[in-house]
Each structure stands twice: as structure tokens, then as C-alpha cells.
Number of protein chains: 2
Amino acid sequence: MTEVPWLDDEEQRAWRAVMTMQDDLAEFLDRQMRNRDGLSKADYEVLVHLSEAPGGRLRSFRLGELLRWEKSRLSQHLGRMENRGLVIRERSLADQRGADVTISRRGTDLITAAAPRHVADVRAAFFDHLTAAELQTITTIAAKVKEGLAKLQP
Amino acid sequence: MTEVPWLDDEEQRAWRAVMTMQDDLAEFLDRQMRNRDGLSKADYEVLVHLSEAPGGRLRSFRLGELLRWEKSRLSQHLGRMENRGLVIRERSLADQRGADVTISRRGTDLITAAAPRHVADVRAAFFDHLTAAELQTITTIAAKVKEGLAKLQP
DNA sequence: CGCCACTGGTTCACACGTCAACCAAAGGTA
DNA sequence: TACCTTTGGTTGACGTGTGAACCAGTGGCG
């Protein structure tokens, strides 16, 4: 492998700043929802997708695609959510292998209450600090980085 | 609470892009180190701080401050790292409550091998895609967001 | 000195994530 | 039809993270 130059001071600062922004932002939003609404970020995303689906129902593997989750993760998490009464799982009639997941009444109530508060948090913690130009720039960066990663892991 | 406007399309896109950049970047770097060097991101950070400390040794609670980790997390993780022979823990002589953590020979070898490869990954996945202006902008954003979060959670 | 709050750590219980092994239904293909 | 692979999910083992309870040593303070 060819020699790779170490990060210089400015790069160090930039890298640390971006990483801690990530961590702090994620932790803040997760903690808010957890304490205030009793939902983890994972719970929230599951409920968002279900509540947006027709009938509040999705095939399990379809939900996995939307979330980009491994199947075992999905299975375990849905199990816990089912125990808490947030979703209902049942074997699919069309394909006896598969499972249909439906959001419960309780799940609907929770996501309905949590969503606007979450949006408010996202605004307060992120968008409110950004100019239009900065928003544009960071979106561009995110797209480029994501594209670059896709090439790195084929 | 006052009514908070929902995210518009552009904000939605920006938010999703930034969040997935975070996730993909973190996952890529973690997986690289795990598969190639046998270290998790958490292991790596512990070893970095220890290897930079005089004598490769730190008081446990000092290490916790540097990492911004909860004490139980630190205790559990150091326990696992000690079992793997990466660090050594011993009661501090100065304060019988506390513990000194020292990086082992094996830990030193691993971090020495892993660090340059990690830096190369960071470059390939992040810095190589950014112009100087973009680097400047994202650093500014990170600082502002971090500052804003500090105010939100006193 | 004797009490008592604080500090530094560990431990327990639990939520969450990955990987590998496993299983049953579905869907080719000979 | 019988076989064989693929697909959709579950399970078990383990590493990782949080919060609460606990515990011993430290350091005031009357």
C-alpha cells in the first residue's frame, strides 16, 4: 500500500468536529424521544414506515428494505415491539413463509404524538443553525460521500 | 408549545442525506477496522488515548472524561479489553478507590498497525471528496450545531 | 475522633446490533 | 412428481450501550 499522509491540524479539527456533531446530534434526538415519548429511534422509524403504508401494514421483508436493516435485526426488534403492543405480526396469507406487520392503535397514538415533537427537535438542533447556502453545501457533501462509499464497498 | 412547521421536501432530502451519510460513514469505518484489525471503534479510541498518554497509562476516570463515556460503559468495555489482553487494569496506589489503565504490548502493536490504515480510510471515504471550501463550511456547521446542542441540554 | 456525603468503580438487568445456524414454504427443473 | 435451491424469518451466542443499585475508600466537618 502506498504511503498515506497523516491528517494535518485543520483536518484533525474538522474530522473531530464532524464526528462529534454526529454523535451529539444522534444522542440528543434519541434521548429526547426515549424520555419524552417512550420510543427509541429504531421504534420511531419502524412506526413511521408502517403508519405511511396503506392500512398501516407491510410485509416484513419490505419493511426491512425500507429501513435497510438486516433481517435478524428486524425480527428481534419487531419481537420486542410486539411485546410492548406497538405492532402486530401474523403469517402472510399470500406467502406462508412471510409475515405481515401492522401498526397497532397504541403504536399509532405514540407516533402521532411523537412526530411533531421530533420535527421540532430536528429544527432546533439542526436546521435553525444553518443558512440556505450551508444547507445546500452539506447536502452536496452528503451525496458525494455516500456515492464514494458505494464505490468503496461493491 | 407553539406550532412547528413540518419539514419541506428540500429539508427532508437534506436531513435524510446527512443522516445516512453519518450512518454509512460510521458503519464503513467500524467494519473496516473490525475485519482488518480486529478492533471496534470503541477499542480504537481507548487505545488512541492510552497510547498518547505518558507511559501508556491513565487513571480510569480520566480516560472516561476524554472519551465522554459513562462510567459503567467504561468499566464494562475495559473488562472485555483486559480479557483480550489489550490493556491492564490495577488499583491506583495514590487513590485506593481508583484504577490505573495501561496499554499492553499487544494493544500497542494493534493500534500501531491500525492507525495508518484508519487514516487512509478516512481520507478515501471523506476528505478526498471535499473541496477546501466545503471542508470549511462543514466544520463551521459542526461547531454551530454543537454549540446549539450545548444550550439545549444544560 | 466519629459521622456522613461524595467519588470512583463494579455489577445487574435490560435494550440493541451482528453473525451464523437453522427451518419451513416456495419455486424451479429434470 | 421428486429433488434442490432460493427466499423469508427465527433463534442463539455474543459484543455493545444505558440506568440503577451497590460498595469501598476519601475527605470534610461538627
Side-chain angles (χ1 to χ4, degrees), chain A residues 22-24 26-47 57-101 153, chain B residues 22-24 26-35 37-47 58-101 153:
Chain A
Q22 285 194 181
D23 291 351
D24 293 0
E27 202 214 316
F28 171 72
L29 294 174
D30 194 49
R31 197 172 294 273
Q32 285 288 315
M33 266 204 325
R34 217 179 264 285
N35 295 339
R36 206 173 42 194
D37 306 295
L39 294 174
S40 68
K41 182 196 159 200
D43 299 331
Y44 183 82
E45 311 231 302
V46 167
L47 295 180
R57 164 183 302 249
L58 277 175
R59 285 296 302 273
S60 195
F61 80 92
R62 178 64 189 137
L63 183 54
E65 287 176 356
L66 293 171
L67 293 164
R68 303 191 316 160
W69 282 8
E70 301 207 354
K71 59 185 183 172
S72 81
R73 175 180 179 185
L74 183 60
S75 177
Q76 311 246 32
H77 203 93
L78 289 178
R80 287 189 298 262
M81 291 182 75
E82 190 169 32
N83 288 339
R84 291 194 289 148
L86 303 181
V87 300
I88 299 124
R89 271 192 299 188
E90 37 201 1
R91 282 186 102 74
S92 168
L93 296 176
D95 182 340
Q96 287 292 117
R97 293 169 295 187
D100 281 351
V101 189
Q153 37 192 355
Chain B
Q22 286 194 179
D23 291 351
D24 292 359
E27 202 214 318
F28 171 72
L29 295 173
D30 194 50
R31 197 172 292 273
Q32 285 288 316
M33 266 202 327
R34 216 179 265 283
N35 295 340
D37 306 294
L39 295 174
S40 69
K41 182 195 158 199
D43 300 330
Y44 184 83
E45 311 231 301
V46 168
L47 295 181
L58 278 174
R59 287 295 302 273
S60 195
F61 79 92
R62 179 63 188 137
L63 183 55
E65 287 176 357
L66 293 171
L67 293 164
R68 304 190 315 159
W69 282 8
E70 303 210 352
K71 57 184 183 175
S72 81
R73 175 181 180 184
L74 183 61
S75 177
Q76 311 244 36
H77 204 93
L78 288 178
R80 287 189 297 263
M81 290 181 76
E82 191 170 30
N83 289 339
R84 291 195 288 148
L86 303 181
V87 301
I88 299 123
R89 271 192 299 187
E90 37 201 1
R91 280 185 104 74
S92 167
L93 297 175
D95 183 339
Q96 287 293 119
R97 292 169 295 189
D100 281 350
V101 189
Q153 38 192 357

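No hydrogens, no waters, no symmetry mates; every other heavy atom, side chains included, goes into these values. By convention in this document, chain letters (A, B, ...) are assigned in the order of the sequence lines, proteins followed by strands, and residues within each chain are numbered from 1.
Computed from coordinates, the B/W69 CH2 to D/dT16 P distance equals 9 Å when rounded to whole Å. Here C/dT10 presents its P atom at 13 Å from CD of B/E90, a figure rounded to the nearest Å.
Comparing A/D43 and A/Q96 by the nucleotide of DNA chain C that holds the closest heavy atom to each, the one mapping nearer the 5' end is A/D43. Residues B/Q76 and B/K71 each lie close to DNA chain C; by heavy-atom proximity, the contact nearer the 5' end of the strand is made by B/K71. The 5' end of DNA chain D is approached more closely, in terms of each residue's nearest nucleotide, by A/R73 than by the other of A/R73 and B/R91.
Side-chain N/O atoms of A/S40 include one lying less than 4.0 angstrom from OP1 or OP2 on C/dC16. Side-chain N/O atoms of B/R80 include one lying less than 4.0 angstrom from OP1 or OP2 on D/dT16. Put simply, A/S75 has a side-chain N or O that comes within less than 4.0 Å of OP1 or OP2 on D/dT10.
Distances from the side chain of B/S72 to the nucleotides C/dT10, D/dT16, D/dT26 place C/dT10 closest.
Between B/R89 and B/G79, the shortest heavy-atom contact is NH2-CA, 3.2 Å.
Residues B/L67 and B/H77 are not in side-chain contact: their nearest non-hydrogen atoms beyond the backbone lie 4.5 Å or more apart.
When heavy atoms are screened at a 4.0 angstrom cut-off, A/S60 is found touching the sugar-phosphate backbone but no base atom. Residue-level contact check: A/R31 touches the backbone only, with heavy atoms under 4.0 Å from sugar-phosphate atoms and none from bases. Among the atoms of the strands shown, only primed sugar atoms or phosphate atoms (P, OP1, OP2) are found under 4.0 Å from some heavy atom of B/R89.
If you take CD on B/E65 and CG on B/L74, they are separated by 11.0 Å, rounding to the nearest 0.5 Å.
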